[in-house]
Amino acid sequence: MSVLMLPELLDTKYAVPFSELLKKEERGFVLDGSQVGRVGGLCFQLLVSAYRTAQVQGAGFEIRNISDAMRENLQLMGGDFLLEAKGDA
């Protein structure tokens, strides 16, 4: 699994390229959230979908180096489970 560096803004403009990147990853997901300043609704849905897909496929899912802003955004949207995901989904 390669590490995908997430941009500062996970917003509507990033949703389509983000979904394409996620589709290409077959062995699981390792995301680096150190630069994220804001998570929008569509990208949140993509993160949840990637997590659920990894669960079904028995693949890994992890968000590393989560920025404070990303942590707060995910918590506000009910994505606490994404913060706790480590390695195997």
Side-chain angles (χ1 to χ4, degrees):
M1 282 183 280
S2 58
V3 177
L4 173 61
M5 293 292 297
L6 298 174
E8 183 179 354
L9 295 175
L10 287 173
D11 58 3
T12 302
K13 281 186 2 183
Y14 187 66
V16 171
F18 187 37
S19 70
E20 293 302 318
L21 289 171
L22 292 174
K23 286 178 190 175
K24 291 179 184 178
E25 188 58 58
E26 297 176 359
R27 298 170 304 199
F29 305 96
V30 178
L31 309 171
D32 187 304
S34 61
Q35 301 300 313
V36 177
R38 190 173 134 261
V39 179
L42 286 176
C43 284
F44 174 71
Q45 290 176 11
L46 288 171
L47 288 170
V48 172
S49 177
Y51 174 79
R52 300 284 185 227
T53 298
Q55 279 187 315
V56 168
Q57 295 177 347
F61 179 93
E62 181 177 357
I63 304 174
R64 297 180 181 167
N65 307 317
I66 300 169
S67 69
D68 291 340
M70 183 177 193
R71 180 177 308 281
E72 183 179 325
N73 284 193
L74 292 178
Q75 288 172 330
L76 287 171
M77 291 185 221
D80 295 84
F81 61 95
L82 296 171
L83 301 172
E84 299 164 6
K86 297 284 185 205
D88 292 336

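As the structure is a computational prediction, the values presented were derived from the model and not from experiment.
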Can you check whether [X] reaches [Y] side chain to side chain, under 4.5 Å on heavy atoms?
| X | Y | result |
| --- | --- | --- |
| Val48 | Met77 | no |
| Leu10 | Phe44 | no |
| Ile63 | Tyr51 | no |
| Cys43 | Leu47 | no |

> Take atom CD in Gln75; do more than 12 heavy atoms of anything else shown fall under 6.0 Å from it?
Replying inline: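 Result for CD/Gln75: enclosed.
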
> Around Asp68, counting heavy atoms of other residues, nucleotides and ligands shown, do more than 12 lie under 6.0 Å from its CG?
Replying inline: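 Not buried by this count: 12 neighbours or fewer within 6.0 Å.
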
> Do the side chain of Thr53 and the main chain of Ser49 share a donor and acceptor less than 3.5 angstrom apart?
Replying inline: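 Yes; judged by distance alone, with no hydrogens or angles, the pair exists.
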
>> Donor-acceptor pair, distance only, cut-off 3.5 Å: does the side chain of Ser67 make one with the backbone of Val36?
In response: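 Yes, Ser67 side chain to Val36 backbone: donor-acceptor pair under 3.5 Å.
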
> In terms of hydrophobic clusters joined by side-chain contacts under 4.5 Å, are Leu42 and Leu4 together?
Replying inline: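 No, it is not one cluster - the side chains of Leu42 and Leu4 are not joined through contacts under 4.5 Å.
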
> Do Leu82 and Leu9 share a hydrophobic cluster, counting only Ile, Leu, Val, Met, Phe, Trp and Tyr and linking them when any side-chain heavy atoms are less than 4.5 Å apart?
Replying inline: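 Looking at the clustering, Leu9 is in a separate group from Leu82.
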
Nearest heavy atoms of [X] and [Y], plus distance in Å:
| X | Y | result |
| --- | --- | --- |
| Ala54 | Gly60 | CB-O, 3.7 Å |
| Ala50 | Phe29 | O-CE1, 3.4 Å |
| Leu46 | Leu22 | O-CD1, 4.0 Å |
| Met70 | Gly33 | SD-CA, 3.7 Å |

> If you round to the nearest 0.5 Å, how far is CG of Leu6 from CD1 of Ile66?
Replying inline: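 Rounded to the nearest 0.5 Å, the CD1-CG separation comes to 10.0 Å.
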
> Just how far is it from atom CD of Glu72 to atom CG of Leu74, taken to the nearest 0.5 Å?
Replying inline: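 CG of Leu74 is found 10.5 Å from CD of Glu72.
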
> Are Arg52 and Phe81 in a cation-pi contact, defined as NZ or CZ under 6.0 Å from the six-membered ring centre and within 45° of the axis?
Replying inline: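 Relative to the ring axis of Phe81, which defines the angle, Arg52 lies inside both limits.
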
